[in-house]
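Proteins get letters first, then strands, A, B, ... in listed order; numbering begins at 1 in each.
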There are 2 protein chains.
Amino acid sequence: MTPPAATAPQAARAATGNATAGNAREKILATAFRLFYAQGFRAAGIDTIIAESGVAKATFYKYFPAKDELILAYLEKVDAVWTGQLHAAAEAAGDEPAAQLVGLFDALTTACRRDGYRGCAFINAAAESPAGTRVHDRTVAHKQQVLAWIRDLAGRAGARDPDQLARSLTLLLDGGLASGVLDGSPDAASAARSTAAQLVAASLKTPPAPGGNP
Amino acid sequence: MTPPAATAPQAARAATGNATAGNAREKILATAFRLFYAQGFRAAGIDTIIAESGVAKATFYKYFPAKDELILAYLEKVDAVWTGQLHAAAEAAGDEPAAQLVGLFDALTTACRRDGYRGCAFINAAAESPAGTRVHDRTVAHKQQVLAWIRDLAGRAGARDPDQLARSLTLLLDGGLASGVLDGSPDAASAARSTAAQLVAASLKTPPAPGGNP
DNA sequence: AGACTACCAGACAGATCTGTCTACGGACAG
DNA sequence: CTGTCCGTAGACAGATCTGTCTGGTAGTCT
């Protein structure tokens with residue numbers, strides 16, 4: 001797994017040659033990661049983030065000229081982490097693409113079990129920012145990346161209709177992410193996994209009836 | 001200093017024939033319904049709601065002693081509206097429970113197509129309020145009501161495992177609600193419907209393998 | 001030594017948000 | 001006529017949030 005190279009590791013470091021430069025930035029980002037996810041980024045104020053990361057206000061505004069920049073950086077980090085977990089879960093299921101399509105749902109199970117789980121950070125982010133904003137656009141981009149990856153897996157698995165299968169699986173994934181917090185019972189994730197297994201299996205069979213669709 | 005589109009209070013009262021104290025309450029709730037859904041209830045301020053509903057501040061606080069009360073009333077209204085749409089879509093599909101299980105997804109399609117669609121109001125609400133709050137609890141209750149209704153339909157349809165089928169379908173429904181805004185393409189809803197049809201059909205067939213399944 | 005860099009501490013301005021409170025007016029029953 | 005209910009209009013307090021700005025400390029490079 002490779003961390004996304006496109007995620008803003010400030011060229012200032014290379015410019016100054018200072019190895020410790022940007023240490024404060026990481027602390028801020030780590031705190032934001034925690035607070036934004038736990039409370040939403042409208043409820044988590046700059047002052048709180050600054051206080052909890054033990055950083056001066058001027059330092060904060062040096063790295064993140066506006067709160068929006070921090071939110072975007074947060075989403076970038078969430079994307080990297082969640083994508084990494086999805087890929088890891090898929091690979092843990094073996095080399096067969098079909099098995100990986102099911103295995104990736106183990107990342108959902110793990111996420112739902114985690115303490116303080118509050119659903120999909122991107123869905124939550126989109127709920128807090130209207131369409132057309134950069135935050136919203138970043139969310140759309142993330143979802144499309146995941147969809148494209150699953151579609152690729154479905155194609156390599158030999159699915160009858162990779163597009164359709166990928167869409168069904170992302171629906172299950174998003175549904176599990178969204179309702180994992182809401183459904184009182186914790187088995188939404190395992191239900192998503194078994195449903196995914198059923199869909200994958202059905203999509204790999206040869207078409208039974210070429211007849212019309214009611 | 002002229003309020004935009006000033007709604008003459010006397011005229012409005014005369015139009016409705018007065019007689020109903022609490023006319024202002026409905027106006028407030030209607031405005032909140034619109035603004036809360038469009039912006040989230042953290043971004044939509046009391047002052048804006050008061051101004052846009054053409055109501056005095058004291059009147060607002062008479063009916064809703066705190067913003068939380070308005071949010072709860074809003075969720076109550078959303079619950080009634082969305083549940084009504086789900087039931088209507090199901091009934092429009094005929095009398096057969098199996099057909100209704102698929103037909104209810106037409107409510108999702110309609111919702112996604114609606115202008116200004118911003119996903120599930122409850123999921124968005126939960127994203128803005130931490131677990132343990134009344135808002136969050138109301139969201140959980142709503143989701144469980146929907147789940148119970150679908151489970152009942154699945155049972156009457158003669159599904160092999162009504163619990164499992166209901167859970168799969170709610171996952172698809174929530175996934176469609178959540179990603180209907182995010183997926184660039186608008187066909188998430190129709191994909192959810194066709195996947196639901198597939199799952200319902202598979203669940204009605206006689207069990208192929210009676211082998212013990214953990 | 002001087003310059004530069006990274007950082008801390010915190011006051012401050014300006015906006016915004018929730019909720020309270022005063023002042024006023026029309027409708028209607030007793 | 002008077003009291004009560006419903007409503008408008010808007011000032012106000014107090015909290016909070018974003019973003020700026022000043023001043024001070026420590027390490028590093030030349």
Side-chain angles (χ1 to χ4, degrees), chain A residues 9-32 35-36 39-74 128-129 133 135, chain B residues 1-32 35-36 39-74 128-129 133 135:
Chain A
Q10 279 310 16
R13 177 183 300 194
T16 60
N18 190 341
T20 62
N23 185 16
R25 187 182 192 274
E26 290 310 309
K27 285 196 290 186
I28 295 166
L29 199 46
T31 307
L35 292 184
F36 279 165
Q39 310 177 5
F41 45 67
R42 196 131 192 153
I46 294 284
D47 283 344
T48 308
I49 293 173
I50 287 173
E52 293 213 12
S53 46
V55 152
K57 207 162 195 177
T59 306
F60 173 87
Y61 277 100
K62 179 186 174 185
Y63 288 109
F64 304 98
K67 192 182 182 181
D68 250 33
E69 302 300 321
L70 179 60
I71 296 174
L72 268 303
Y74 156 72
E128 286 199 87
S129 59
T133 59
V135 170
Chain B
M1 239 11 231
T2 51
T7 45
Q10 293 87 2
R13 264 170 110 180
T16 58
N18 195 3
T20 43
N23 184 15
R25 189 182 191 274
E26 289 310 309
K27 286 196 291 187
I28 296 167
L29 198 46
T31 307
L35 292 184
F36 279 165
Q39 310 177 5
F41 44 68
R42 195 129 192 156
I46 293 284
D47 284 345
T48 309
I49 293 173
I50 287 173
E52 292 213 14
S53 46
V55 152
K57 206 162 194 177
T59 305
F60 173 88
Y61 277 100
K62 180 184 174 185
Y63 288 110
F64 304 99
K67 193 182 182 181
D68 250 33
E69 302 299 321
L70 179 61
I71 296 173
L72 268 303
Y74 156 72
E128 285 199 87
S129 57
T133 59
V135 170

Distance check: side-chain N/O of Y61(B) vs OP1/OP2 of dC21(C), anything under 4.0 Å? no
Short side-chain N/O contact to dG7(D) OP1/OP2 from Y63(B), under 4.0 Å: yes
Relative orientation of the end axes in the helix from dA1(C)-dT30(D) to dG30(C)-dC1(D), expressed as an angle to the nearest 10° (five pairs per end):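 So the angle between the two local helix axes works out to 10°.
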Of all heavy-atom pairs between [X] and [Y], which one has the smallest distance, and what is that distance?
{"X": "F64(B)", "Y": "A73(B)", "result": "CE2-CB, 3.9 Å"}
{"X": "I49(B)", "Y": "T31(B)", "result": "O-CG2, 3.8 Å"}
{"X": "K27(B)", "Y": "G54(B)", "result": "NZ-O, 4.0 Å"}

Suppose we screen for salt bridge (charged side-chain N to carboxylate O under 4.0 Å, His left out). Which residues come up paired with D68(A), at least two apart in sequence or across chains?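 D68(A) satisfies salt bridge (charged side-chain N to carboxylate O under 4.0 Å, His left out) with no residue once adjacent residues are dropped.
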Please confirm whether the backbone N or O of [Y] pairs with a side-chain atom of [X], one donor and one acceptor, at under 3.5 Å?
{"X": "T48(B)", "Y": "A44(B)", "answer": "no"}
{"X": "T59(B)", "Y": "V55(B)", "answer": "no"}
{"X": "E128(B)", "Y": "F41(B)", "answer": "yes"}

In whole angstroms, how far is the [atom2] atom of [N] from the [atom1] atom of [X]?
{"X": "I50(B)", "N": "dT20(C)", "atom1": "CD1", "atom2": "C1'", "result": "12 Å"}
{"X": "R42(B)", "N": "dT18(D)", "atom1": "CZ", "atom2": "P", "result": "10 Å"}
{"X": "I28(A)", "N": "dA6(C)", "atom1": "CD1", "atom2": "P", "result": "14 Å"}
{"X": "F64(B)", "N": "dG19(C)", "atom1": "CZ", "atom2": "P", "result": "13 Å"}
{"X": "F41(A)", "N": "dT18(D)", "atom1": "CZ", "atom2": "P", "result": "12 Å"}
{"X": "L70(A)", "N": "dG19(D)", "atom1": "CG", "atom2": "P", "result": "11 Å"}
{"X": "I46(A)", "N": "dC21(D)", "atom1": "CD1", "atom2": "P", "result": "17 Å"}
{"X": "Q39(A)", "N": "dC17(D)", "atom1": "CD", "atom2": "C1'", "result": "14 Å"}

What distance do I46(A) atom CD1 and Y61(A) atom OH have between them, rounded to the nearest 0.5 Å? 4.5 Å
Rounded to the nearest 0.5 Å, what separates atom CD in E26(A) from atom OH in Y63(A)?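 It is 9.5 Å, given to the nearest 0.5 Å.
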Expected string for nucleotides 8-13 of chain C under the B/S/- scheme (protein heavy atoms, under 4.0 Å, primed atoms plus P, OP1, OP2 as sugar-phosphate) is BBBB--
